[in-house]
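What you see is a predicted model, and the numbers here were worked out from it, not measured in a lab.
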Amino acid sequence: MRRLRMVARVGVLSAGLLAFGGGGVWIARDSAAPVPSDVRAVAAGMVGAPRLRAAYANWSRAHEARGGDRRVEIVLGRSDPHTLADRVQLGVLRLDLVDGVVEATLPGPLDEADGYVLWLVDNPTSPDNGLSADVGDRFLEVGRFEPRGTGYALQAELGTRAFERFQVDGALVVPADGDPTGRVSMGGAPDLFQRIYTSVRTPELFAESDYADLLSEDATSFGIGVRPAMAARKPNPDRTVVDVDVLLDRLIARGADLFINETFDGNGRTCSTCHSLANNLTLNPGFIAGLSDQDPLFITEQIPELASDGVKPGALDVPEILRATGLVGIPGPDTVANPAINRSVTHLRGLRATVVPPAPVVAPFGPENPAPFPLPDGPPSGTVMGITVDNATVPPFERAGFGGDLAFVPQNGRFGRARDAVPGATALLLTRSLARVPGVDFRMPTDLETDAVAAFFFSLGRSADIELPIPLSDPIARRGQAVFMNDGGALNGNQPGNASVVPQVDDFGNRIGAGKCNICHFNAGALTNPVVFASVEPAFASMLGIPRDQFPSLGLRNMNFETGVERLSSQPANVVAADKKGRDAGFGVVPHTPGGSASSSGCANGRGGFGTLVMVPFPGADPPDVVGDCIEAFNTQPLVEVADTPPFFHNNAVSTVEMAVEFYNTDAFNQSAAARLLGAVTGTNGIRLEATEVQAIASFLRAINALDNIREARENLLAAFRVGSRPDVEQQLIANATMQIDDAIQVLSAAGVNTRAVDRLLDVRAGLQRAGVADERRGVFSRFRRLDRRPRFVEVVRALAGLDRARQSISPSR
């Protein structure tokens, strides 16, 4: 029997309750959410909206090609994943939201002898209703899982009307004798684009969604509204549905406002406290030195009980480390037991390109073809089961941040999606006390707020990686690109253990060093080279005991690597306060202590740290990895933006891009697991570059960074033409463009790269400075004013032309 019921308010978020994602469809309309008032938010929303609209259009086309809402997959993960084994104990939920069919499988064995029940959750959004179970939540009991092979399975037909007015915001797997507001064993939620797509699919779904209130607000308050919010869409001209472009515009504008201004009733910090728009969305000691002592960044000085001493569980920053190095305190997944680590602030630019996985690969698994992690046995002979095994579904779902897990939500175990970063950061970093009680120390974000900030994340910076190689005018940068892309023979038939690779040379016979950078930073992004890493999949198949011809492509694109950077001596934070800085082992939740054993701490080498992965032997590695060896793994970071977002690495170990490249010549890297992995795919371990090659790679990175600055500046100036009657927003857009131009000038001139482009950028900046003091009182692009009376308009047009010339000076064809 299926039950649809409302659940009473739960004041404290249970440690076992999954704070599911998704937008509420039973919405309270007693108070309208505030519109953004900060001009920075409106300006950021205007620039980012076209990027998000394009990304959503691409996603929706792919979704429809796979069956649209007749095939919605949600991965069910452990709600309390304290070990690596727990993190790969995955279930799969498949929904046909059109015909009302639900199918799910769970791994086994799990914990409950009495079995499990699947509940679907419809979580409303209102100012007093966050992601936890709250007033008005609706829970639909789907059915009980039945044993199948070594796991469990469920199938239910709910009917074609089941989801007409019930929006699936989350799924909970609950012990059969329990309640969805109690202990939850596994759970999952749709991602941002899936939620939007389903909400706008029918008028009924949209009317019940939290997005309806967003579109009821005054469009002019966002500085973006010229089209009506509602518009007819064929093939149903008689039915009014939402204009998705308008919805995305509003969602980004709301997200920008929340990102900059919203404290979530916490300690006074906002997202932009650490990811400052005035400092390329990151922190460094120079920027911090210019802040007031009353800035909320220094909350651990204002509320000392929040400060970390390197031992106190769940604490935030070490004040002296924060000021001197720019590292913020990140509490561990288990805030009851783990002290904070000290980690750099990622810049978030180009996040959409960073987290996008390859196309899903669906592989048949069954009794004769086991999956690479525990799954139920297949159905009867003649049929197969399937599970998507790419980075979209294997946690972390959308890898970003130095741990590759975004923000971990300690109360419910959610991790790895952009939406999860919002409640995760709120609970971990915005709390008033270390008790972290929702409703007391902070309020949980609503689904609408979570969606809005995630949308804003995906609107920041470029939306795709560049395609290397590109033409470059500067000869040193051009050589740097060649060294960057030289893979050491990985794509030339080289086999592990074979060091006889023919060196690459230029037209004059000069050797081109093997930087191997493009293997892990494909196209200077955060994804690995898909061709190179296809060559390591046979090794994984062998390691897992699966025949190669039956092993699916894992889509090894956004990976974590142990590069040895944590082993560097004289790290700034260690110099400042070694007694208060714990070892950061990157991704993972297995704590280990110095001198610990594999049995006592999960780590054979016992170096100590925050949490680790435990390595197994990797075929072809030289020397081979040791079973139980701790792997302090960090997520690959994008390099396009690297030159103007110093310091570098998760520990802010070095301050210039040249020093960052030089790190890969050190013993710390060349004795790491990542170096051994390079040896497995190229035949030669590690990276050895000459000083001139290090400088050349750095010049290349500076050149592509400046190209990205120019792109960003142009988009801000072009957005200024669309402002209308908002001179304050217009001025902010011009200021944003000027800041990007300043960054490009600094990035290039610091190493003498593309001096011709620097001269042209200086001319552009001077023109925008003249525009900034001209005609401050009225919107200069108003149609009621004559062109010859709009000096700022003229200077902006000139600036766009100058930016094009500067871009051509760096890359002639771009």
Side-chain donor-acceptor distances from residues 748-759 under 3.5 Å, at least two apart:
{"residue": "S749", "atom": "OG", "partner": "I745", "partner atom": "O", "Å": "2.6"}
{"residue": "N754", "atom": "ND2", "partner": "S809", "partner atom": "O", "Å": "3.3"}

Do any side-chain atoms of residues 41-52 form donor-acceptor pairs under 3.5 angstrom with protein atoms, and if so which ones, sequence neighbours left out?
{"residue": "R51", "atom": "NE", "partner": "G461", "partner atom": "O", "Å": "3.2"}
{"residue": "R51", "atom": "NE", "partner": "E715", "partner atom": "OE1", "Å": "2.9"}
{"residue": "R51", "atom": "NH1", "partner": "S459", "partner atom": "O", "Å": "2.7"}
{"residue": "R51", "atom": "NH1", "partner": "G461", "partner atom": "O", "Å": "3.3"}
{"residue": "R51", "atom": "NH2", "partner": "E712", "partner atom": "OE1", "Å": "3.0"}
{"residue": "R51", "atom": "NH2", "partner": "E712", "partner atom": "OE2", "Å": "3.2"}
{"residue": "R51", "atom": "NH2", "partner": "E715", "partner atom": "OE1", "Å": "2.5"}

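Note that the CZ atom of F484 and the CD1 atom of I697 stand 7.5 Å from one another [nearest 0.5 Å]. Rounded to the nearest 0.5 Å, atoms CG (L761) and CG (D743) are 11.0 Å apart. Here the CG-CZ distance, from N58 to R352, works out to 8.5 Å after rounding to the nearest 0.5 Å. The distance from atom CZ of R770 to atom CZ of R798, rounded to the nearest 0.5 Å, is 7.0 Å. Taking OH of Y664 as the start and CD1 of I687 as the end, the distance is 7.5 Å to the nearest 0.5 Å. For the atom pair CG (L351) and CZ (R462), the distance works out to 10.0 Å, reported to the nearest 0.5 Å.
For the residue pair N652/S344, the side-chain donor-acceptor check at 3.5 Å is satisfied. With 3.5 Å as the limit, one finds a donor-acceptor pair spanning the side chains of Q732 and N736. Under the 3.5 Å distance criterion, with hydrogens and angles disregarded, no donor-acceptor pair is assigned to the side chains of Q637 and H650.
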**Request:** Report the C-alpha distance between E562 and R567 in whole Å, list the side-chain angles of each, state the deciding distance to 0.1 Å, and finish with yes or no for salt bridge (Lys or Arg N to Asp or Glu O under 4.0 Å).
**Result:** CA-CA 10 Å; E562 197 256 337; R567 304 180 197 181; 2.7 Å; yes
Practice prompt. Would you check, one step at a time, whether the test side chain to side chain contact (heavy atoms under 4.5 Å, CB included) holds for I704 with I470?
Written response: CA-CA 9 Å; I704 61 174; I470 62 173; 4.0 Å; yes
Practice prompt. Start with the C-alpha gap between R702 and D644, add the side-chain angles, then the distance that decides, and say whether salt bridge (Lys or Arg N to Asp or Glu O under 4.0 Å) holds.
Written response: CA-CA 8 Å; R702 289 178 179 277; D644 64 6; over 6 Å; no
Please test V796 against I734 for side chain to side chain contact (heavy atoms under 4.5 Å, CB included), starting from the C-alpha separation and ending with a verdict.
CA-CA 8 Å; V796 169; I734 294 174; 3.9 Å; yes
E730 vs R722, test: salt bridge (Lys or Arg N to Asp or Glu O under 4.0 Å). Steps then yes/no. CA-CA 9 Å; E730 176 189 302; R722 306 193 303 268; over 6 Å; no
Should L297 and I288 be marked as a side chain to side chain contact (heavy atoms under 4.5 Å, CB included) after you check the CA-CA gap, both sets of side-chain angles, and the distance that decides it? CA-CA 9 Å; L297 180 64; I288 291 172; 4.0 Å; yes
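Relative to the six-membered ring of F700, R479 misses at least one condition, a distance below 6.0 Å or an angle of at most 45° to the axis.
Nearest approach of G401 to N635, heavy atoms of both residues: O-CB, 3.2 Å. A pairwise comparison of heavy atoms in V345 and C274 identifies CG1-O, 3.6 Å as the closest pair. Summarising the geometry of A706 relative to I810, their closest heavy-atom pair is CB-CD1, 3.9 Å, with the distance given to 0.1 Å. Summarising the geometry of L568 relative to A668, their closest heavy-atom pair is CD2-CB, 3.9 Å, with the distance given to 0.1 Å. Among all heavy-atom pairs drawn from F669 and G686, the shortest one is CE2-CA, 4.2 Å. Of all heavy-atom pairs spanning V764 and A799, the tightest one is CG1-CB, 3.8 Å.
When side chains are defined from C-beta on, S655 does not count as touching F648, because their heavy atoms never get closer than 4.5 Å. Side-chain contact check for T270 versus T273: some heavy-atom pair is nearer than 4.5 Å. Between V328 and L283 the shortest side-chain heavy-atom distance falls below 4.5 Å. Counting heavy atoms from C-beta on, the side chains of V640 and N705 never come closer than 4.5 Å. With a 4.5 Å cut-off on side-chain heavy atoms, V723 and L733 count as touching. No side-chain heavy atom of V654 sits under 4.5 Å from any side-chain heavy atom of F663. With contacts defined as side-chain heavy-atom distances shorter than 4.5 Å, the pair L717/R714 does not qualify. Using a 4.5 Å cut-off on side-chain heavy atoms (C-beta onward), L277 and L281 make contact.
V642 pairs with exactly one of L701, V661, V747 by the side-chain contact (heavy atoms from CB on, under 4.5 Å) rule, that one being L701. Under the side-chain hydrogen bond (donor to acceptor under 3.5 Å, both in side chains) test applied with N709, the options Q746, Q740, R807, E641 reduce to a single match, Q740. Checked against N280 for a side-chain hydrogen bond (donor to acceptor under 3.5 Å, both in side chains), the options H347, H275, R349 give a single hit: R349.
The main-chain N or O of R805 is found under 3.5 Å from a side-chain atom of R760 such that the two form a donor-acceptor pair. Not one N or O on the side chain of T346 forms a donor-acceptor pair closer than 3.5 Å with the backbone of L348. No donor-acceptor distance shorter than 3.5 angstrom exists from the side chain of N651 to the backbone of Q571, with no hydrogens or angles considered. Between the side chain of N342 and the backbone N or O of L327, no donor-acceptor pair lies under 3.5 Å. A donor-acceptor pair under 3.5 Å is absent between the side-chain atoms of R478 and the main chain of P471, judged by distance alone.
Considering only residues two or more places apart in sequence or on other chains, F259 meets the ring-ring contact (aromatic ring centres under 6.0 Å, His included) condition with F456.
Aromatic ring centroids of F458 and Y56 lie 6.0 Å or more apart. Between F649 and F402, the distance separating the two ring centers is not shorter than 6.0 angstrom.
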